[in-house]
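Heavy atoms only: backbone and side chains are in, while hydrogens, waters and symmetry mates are out. In what follows, chains are A, B, ... by sequence order, proteins preceding strands, each numbered from 1.
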Amino acid sequence: MLKNFKIILIPITVFFLFLFLTVEPVLAQGGEESAFRLERINALVFVLVFSAAVLLYTRWAKQGKTLFVRKIPGIDAVEEAVGRATEMGKPVLFIPGLQELDDIETIAAISILGRVAKITAQYETPLLVPVRYPLVLAAGQEVVEQAYTEMGKRDFYNRDIVRYVAGEQMAFTSTVNGMMMRERPAANIFMGAFFAEALLLAETGNAAGSIQIAGTARPEQLPFFIAACDYTLMGEELYAASSYLSKEPLMLGGLKGQDFIKVIIIILILIGVILVSFDVGDWYYKLFKMA
Amino acid sequence: MRTTVPVVIAFLSGLVLAVSIFFRPDKTIIGQIEPEILVWVTIVGGFTLFLGAVSITRVNFNTVRRRKKGWGYSLLTLISVFVMALPSLLPSSWSPLFGDAEGSIYDWLFQYLDKPMMATMFGILAFYIASAAYRAFRARSAEATILLLTATLVMLWRVPMGEAFLRSIHVALPELINTYVMNGVNMAVQRGIIIGAALGAASMSLRIILGIERTYMGKG
Amino acid sequence: MSGMEIFVLWLEAFITLAIFSFLYKDNSVYHLVESVFAGLSAGYYVGLYWKSIILQQLWEPMTRADNPKWWLFIPGIFGLMMFTRLWPKYSWISRIALAFVMGSTAGIFLITQLHGLVLPQMQKTMLSLINSDGLEASFLAVIVVIGVISTLIYFYFSKEHKGFVGVTAKLGIWFIMISFGAHFGYTVMGRVSLLIGRVQFLIEDWIGSF
Amino acid sequence: MNFWNKIDTLDRRWIYLLVAISVIVPFILPVKLPVYVTPETQQLYDAVENLPDSSIVMLTFDYYPSTIAETEPMSRVALHHLFRKNIRIVTVTTVPLGGPSMAEQVTREMAEQYGKVYGVDFVNLGYKANYVAVLKGMGSSIEAIYPTDNLSTPLSELPLMNEVKNYDDIDFIFVVADNGIVDYWISIVNALYGTPVGCGVTAVMAPKFYAFISAGQMTGLLGGMKGAAEYELLLGQPARATTGMDAQSLMHLLIIGLVLMGNIGYFVGRRQKGKKA
């Protein structure tokens, strides 16, 4: 682990050198406005505090401090669902959302896929991962192959586990719907960014009699997942899932850091409400201005 | 080597982009980097179009070659991919059927096959929304009851007879639903979920930049 | 109507009915349309990416006569690295390109989520409870503040939902259910009008043409 | 197994059948469910009704083909009302895909019915990119933004456009939109130039704009197919929205009915289980 920190230090140095070189000529020009966006200093402070909190908790975790995280029912259900699929001898279907890899929700989904693939590898349960974008295909193949190799089940890996199905949203949906009715997966896991197809997929899966677990950060699709799935991870829980499933203390650090910031946010909002209510909060209100 | 290089690349690209937002684009090179890198990401994604085509071809070709169940359908998919893709890659100066302008094969297939398919898939949503409501809106628990009552109330409000009915209970009832349910509770909850999810996304991002989370590059 | 128009009309009607038939049960006509749909849309994206990305964003800016963006060869190389995936032995090279995409995404989201979402959403929640606009506005402000905070507490992972946290989280889930119910009921209308559009096509345009 | 037990475990295909029936029947046998006019629709209707003869109204086609089930009926009611009152119309669109051709097609079709002449009674300006600049620019000079109309005729050759230089010559703006452009019609055009703006928007967007109505920034609002149907009622010319509205209402009532039946089935089922145990 120490080795890794050295790796990180080198680029930081390079980066700051680079930064210096680009800022310097601009400062020399002299100008009415500085090169740095001073008006965004609030965001910078916020990002730094946030990062510090996450890193601090991660460090404590590494030092062996036990970090408590409550049970999250939807995530616990993932393992159960794979177990049921194994008993029934039927596949598990995993859909990492319908966005490209340049959406953080998709990255969260890919990371959860890595954990799920380990479980299916362990039980030797067939896994099906249809994807809509080729970059997601590449990342998905990478994590699944890795998971199977790590569990010593390379023989069960085949690169068509993760397959590109169709580029267009509704073409993807119609193909996956057909897949659900024909292959009858025992469990469907939907994680990531979903749009109008959320209900189309979940309702078909329900008709096919599969156990369904969904997770998305998009509030507008959550009602439909809740109506048609057995378990739904809402918003933040999607991002928590990969840490939680990994069961590594290091990963839980991030979760604890988030919680710490959440408490701070609640306190800041309450202070704001009180100040604004008594009409003395103008300066405070402006501190949170997005520029 | 196989893990270190990707970790360093992820760290560098992440850090540069995170920092660039704090610099003015017209004054610094670093400030201009953000839009440039976004184009780069798109370009990398653009190259993968062949990987997608290879994947879909391989899966379907194997089905056809081994005469697996339903191989006819796979053959159809294969043909469709090429009928659509190939003419669009050829320059339109060769024939008006090539390229992607109006009158090309690409455009015709999109207009008359793809579009109605999409529209019909959207049409299926109305059926599913009814069956999902029927099945899920049961008063099994306090939470489920709240869900079903609000959904019913809002559905009533959205059609003429329902709205008239609500107005007959109290003239201001539709206004109240709009103010307190839609703009009050609904907005507050969306906001709470957005803040929470944003924290989750930010912490995920931080883990990737720092190489703590690297499932995708050979380390679980 | 010309022969072509009639053909197109019947084709669209066939597609519409074939897809709706899935509602009864999965069948070979649906499977046929679905297979064509999947193939066409994959082909469509090949054409789209080729033109809008490879040609327009890479090739043309890089090779144009005045002020060429020569540095675009860097993402070009990253893009080519993706092809090593076709040879398992070298596929690790593609991880470099993947790491670039993931790192960039992470860098952008780290800041934009905190700066663009959390800060303004916090700010907009700082509402005056003692409102000059009257009691109604105050009441609305109370609902919003309680709603946001109880939702946030529902997502607090560090404590079991017991005691004070438990009560607030319970309130949070009630608020969440009201919101989801409202959203569900509200969306029905838009979805139904999409179906009405299809039915209008079938009845007025297609059957109407007989 | 009695009736309520069956209801509790109903095959979903029966539900699909009911949905299909409730959407198809109104087209064959119009049920003509009562439509009630909401104050917002009435306000828009009155605003147009009270315009003096031969005023000039700007009508926008700010929507994509995907939402025409909701938005096109609004354009049609607006055109009916305006042409009927001998009001002259200038149409614009901020949507590139389909916007200009839809405006052209619908406007000409309606003009034929009322015997109106292009260039004298109505003009279609078409699409220009960068909507903020377009909306602002038309405040000083429409001709600077649109040197020609949609079919490339110079504005100077169109008699109507000789009377219209900027928003000052326009008495009312009737916006039909399916996207965020509405905010700009209010925050730029109404706020800076004071021309009254009335809107027709999709059902999903509508509630957001009640705040504009109560603040007096927006003069009347049509929400979705329902709004269009109410306007058709006021005009006394029931058309597609009224038929569509029957289907909408039936669907909502069907879902509410299904939820009710489902719950009765569920409780009856639970009670019987309780008795057996």
Between [X] and chain C, with a heavy-atom cut-off of 4.5 Å, which part of the residue counts as in contact: side chain, backbone, both or neither?
X        : answer
B/Phe110 : side chain
B/Gln111 : neither
B/Met204 : neither
B/Met182 : side chain
B/Ala53  : side chain
B/Ile21  : side chain
B/Leu153 : neither
B/Ala144 : neither
B/Thr48  : side chain

(message) Using side chain to side chain contact (heavy atoms under 4.5 Å, CB included), reason through C/Leu72 and B/Trp40 one step at a time and then give a plain yes or no.
(response) CA-CA 7 Å; C/Leu72 287 181; B/Trp40 289 20; 3.7 Å; yes
(message) Tell me whether the count of non-hydrogen atoms from other residues, nucleotides or ligands lying under 6.0 Å of CH2 in C/Trp59 goes above 12.
(response)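 No.
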(message) Can you confirm whether C/Glu204 is buried at CD, in the sense that more than 12 heavy atoms of other residues, nucleotides or ligands lie under 6.0 Å from that atom?
(response) yes
Considering only heavy atoms and a distance below 4.5 Å, find which of [options] pairs most often with chain B.
options                               : value
C/Ile196, C/Leu194, C/Val148          : C/Val148
C/Ile53, C/Val33, C/Leu86             : C/Ile53
C/Ser104, C/Ala97, C/Ala38            : C/Ser104
C/Met82, C/Glu34, C/Met81             : C/Met82
C/Thr16, C/Leu152, C/Leu117, C/Val118 : C/Thr16

(request) Please list, chain by chain and in numerical order, all residues satisfying ring pair (Phe, Tyr, Trp, His ring centres under 6.0 Å) with C/Trp71, sequence neighbours excluded. (result) none
(message) Just checking C/Phe184 against B/Phe137, ring centres under 6.0 Å apart?
(response) yes
(message) Taking the ring centre of each residue, are B/Phe127 and C/Phe20 less than 6.0 Å apart?
(response)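 That pair passes the under 6.0 Å test.
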Tell me whether [X] contacts the main-chain N or O of [Y] through its side chain, where contact means a donor paired with an acceptor under 3.5 Å.
X        : Y        : value
B/Thr77  : C/Ser35  : yes
B/Arg191 : C/Val144 : no
B/Tyr106 : C/Leu48  : yes

(request) Pull out the residues in residues 83-90 of chain B that come under 4.5 Å of chain C, heavy atom to heavy atom, sorted by number. (result)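 Listed by number: B/Met84, B/Ala85, B/Ser88, B/Leu89.
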(message) Sort by residue number and list every residue of residues 54-61 of chain B having at least one heavy atom under 4.5 Å from chain C.
(response) B/Val54, B/Ile56
(request) Could you list the residues that satisfy side-chain hydrogen bond (donor to acceptor under 3.5 Å, both in side chains) with B/Trp157, not counting sequence neighbours? (result) none
(message) Under the criterion side chain to side chain contact (heavy atoms under 4.5 Å, CB included), I'd like the reasoning laid out for B/Val41 against C/Phe100: C-alpha separation, chi angles, the key distance, then a yes or no.
(response) CA-CA 8 Å; B/Val41 171; C/Phe100 165 71; 4.0 Å; yes
(request) Tell me, with the steps shown, if B/Phe47 and C/Leu58 meet side chain to side chain contact (heavy atoms under 4.5 Å, CB included). (result) CA-CA 10 Å; B/Phe47 275 90; C/Leu58 177 69; 3.7 Å; yes
(request) For the residue pair C/Leu23 and B/Tyr128, establish whether any side-chain heavy-atom pair is separated by less than 4.5 Å. (result)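 The answer is yes; the side chains approach within 4.5 Å.
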(request) Pick one of side chain, backbone, both or neither for C/Ile143, based on which atoms fall under 4.5 Å of a heavy atom in chain B. (result)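 C/Ile143 touches chain B through backbone and side-chain heavy atoms alike.
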(message) Taking side chain as everything from C-beta outward and backbone as N, CA, C, O, which of these in C/Leu80 sits under 4.5 Å from a heavy atom of chain B? Side chain, backbone, both or neither.
(response)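 Both parts, backbone and side chain.
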(message) Give me the atom names and distance for the closest heavy-atom approach of C/Gln57 to B/Ile43.
(response) O-CD1, 3.7 Å
(request) Kindly assign one of parallel, tilted or perpendicular to the pair C/His31 and B/Tyr73, based on the angle between their ring planes and the thresholds 30° and 60°. (result)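 Because their plane-to-plane angle is under 30°, the rings of C/His31 and B/Tyr73 count as parallel.
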(request) Step by step, work out the side chain to side chain contact (heavy atoms under 4.5 Å, CB included) result for B/Ile129 and C/Val192. (result) CA-CA 9 Å; B/Ile129 217 168; C/Val192 174; 5.5 Å; no
